Structures are given as C-alpha cells and as structure tokens.
Amino acid sequence: MPELPEVEVTRLGISPHLMGQTLSAVNVIDGRLRWPVPNLLEKILPGQKVRSIERRGKYLLLEMDTGYLLLHLGMTGTLRVLPSGDPLKVHDRVTFDFGKISLRLHDPRKFGAVLWHPKSKGPIEHQVLLQKLGVEPFSEEFSGDLGAEVLYRHSRGRSISVKQFLLAGQAVVGVGNIYCSESLFLAAIHPAKAAGKLTKPQCARLAHAVRFILQKAIDTGGSSLKDFVNSEGDPGHFMVQSKAYDRKDLPCKECKTPIKKIVQGQRSTYFCPQCQKR
DNA sequence: AGCTCAACCTGGCTGC
DNA sequence: TGCAGCCAGGTTGAGC
C-alpha cells in the first residue's frame, strides 16, 4: 500500500477538488473490504458537505457535517477524482459523487476500509483504530530531538527487532515496509537489532532518517511503489531511488557489498550487511 | 503486556 | 502455452 507519503500525496491531490463540495450520491459497489462498508452511508451522506480533509497515520479523514469518513487504502487501494460519468472499472469498490465529479476507491485486494464515525460519538481522535497510533512523523512532538526521545522511550524493554518495532507504528506512524528498509539503511542500523538495545545516537539517526525519507517521498509526488497512482491517475515518478528495498544481491550504493534480504515478521527486509551494524 | 503468526483477497511473476 | 506456487504496499485478532 500506500505508505504515509502516498496517502499524503493522495490527500493533497483530492483536497482542492472536494473541499466544501456537497455529496450527491454514494454507491457501494462491493462493500466487502477489510470491514463491511456501512450501508447507511448511501442514505445519510448525500447532502452533506466536505468540511476538511486530514490524515492520521495512513488513514484519510473526511470531515462531513454529521461525522467523519475514515478511508484506508490497505495494500492496493487508490483514490481518484474523475468525471462522474466515467465508466466503472474492475475493482472499483465505492464511489462518492459530487455533482459532476466523483471520488472513486479502487482496491483490487480489498484490504482497504471505509468507515463512519458520527460526531455524536465524540471527536475523531476517540475512534478505536486511531487511538493506538503513534505520533505523526512531521508533528512538533517528533521534531528535532523529541523524535529521538519518542523512539528511545517507546523502545525500552522491547525485544522485537527495530524493523518490526518501527513498522508497528506504536511509536511513530507512517513507516511501511519499503520506507522502513530505506530509513534503517540511511540511519545505518541493522534491522535485526533488538529495539530495546537502540542507543540514543541511533534513535536520533533513525528519527532523522524517518522524517527525511518520508518527506523526500512526499516531495517527489508519489513514490517508488510499483502500482501507485495519484489522484490524477499518474504513477509516481520513481524519483526516489531505493537504496535497499528490492535490491537483493545488487551492490550497495555506498560500499558495493551485496544487499541482503531477510524475512522478519512475515515481511521482507533489505539491508546492507556492511553499512548497517548492530 | 508483548510476541508470533494466520488471516483477509486478488493479480502478477517465476519456473517447471 | 499452461499451471502451480510464491510474492506483494497493511493491519487485526487469536493464542501463547
């Protein structure tokens, strides 16, 4: 999926089209996503305006008049703004019509989600799925030395690998499998090192690397992700050249040592055994 | 509480 | 060419 940068690029892409617009119709084509898409959306949403479009971790939050739409893209989801008459494609799951334009969730693997949080249930921060999330990588709380402190504090006593620790998003959100390998490479930390044994300097390098890698991916408007298309339907520009991810047996760009691939928590990790020490 | 792992689902690629 | 097997961006929930 889309990791945080792809979700943010999607947010930036759809916002100018949708802000302040009134929903005219919702069509749940196939609501069997991660969780069933609530049927009531088709009834209660028409007539409601888009008040704001925010992001929390990899969730997009569309504030409507009476509640929030939570959208998650899962592994293969994309959101696009199209003319409302545009023919549906295979794997289009939900459409949100705003008069002449339509927001479409396309998601082949159906790991995405469309949920509803009514304002009567309190602020969106109370939504269970958002409560477990770590801090935002670009927030004040994670800026400068604070980022290092967040990583250090959360990792104390943890025996899992730093790769899995970072991916879990309990400390800082948004780092998916690809950018996790990239961040650890940049920070020169071995992915199998126990999180609890990270030193303060390592936490500082990692916090910086996470911010740097995610920001660079956002700036280049997309990503290195294979199937990613932004809200206009354009693929990412592949401007972010990966230094580790998917480079098994290829020479490290720093030291020429062959990149290694290992499996951690059922996910592939790529790293340079020479540059990344425990 | 923390850790591991199966599960959700579809398509694309590899290798026989 | 056909087909079986494996792999893929995420995240929850069960079981220990």
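Each chain gets a letter, A, B and so on, in the order its sequence line appears, and its residues count up from 1. Every value quoted in this text rests on a predicted model; they were computed, and no experiment measured them. Only this structure's heavy atoms are used, side chains among them; waters, hydrogens and symmetry mates stay out.
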Taking OP1 and OP2 of B:dT10, is either one under 4.0 Å from a side-chain nitrogen or oxygen of A:Lys110? yes

Under 3.5 Å donor-acceptor pair, A:Arg267 side-chain atoms to C:dA8 base atoms: no

Side-chain N or O of A:His72 versus OP1/OP2 of C:dG10: is the shortest distance under 4.0 Å? no

Considering only B:dC8, B:dC3, C:dA8, which nucleotide approaches the side chain of A:Arg34 most closely? B:dC8

Check every strand shown and say whether A:Leu129 touches a base, only sugar-phosphate, or nothing at a heavy-atom separation below 4.0 Å. sugar-phosphate

P spacing across the pair B:dC9 / C:dC3, given as an integer number of angstrom: 24 Å

Cut-off 3.5 Å, side chains only: do A:Gln274 and A:Thr257 have a donor facing an acceptor? no

Side-chain N or O of A:Thr76 less than 4.0 angstrom from OP1 or OP2 on C:dA8? no

Report the distance from atom CG of A:Leu130 to atom P of C:dT12, rounded to the nearest whole Å. 10 Å

Look at the side-chain N and O atoms of A:His91 and state whether any lies under 4.0 Å from the OP1 or OP2 oxygen of B:dC9. no

With respect to the phosphate group of B:dC8, does any side-chain polar atom (N or O) of A:Arg32 fall under 4.0 Å of OP1 or OP2? no

Listed nucleotide nearest any side-chain atom of A:Lys58, set B:dG11, C:dT11, C:dA8: C:dT11

Do A:Lys49 and A:Asp65 meet the salt-bridge criterion of a basic N to acidic O distance under 4.0 Å? no

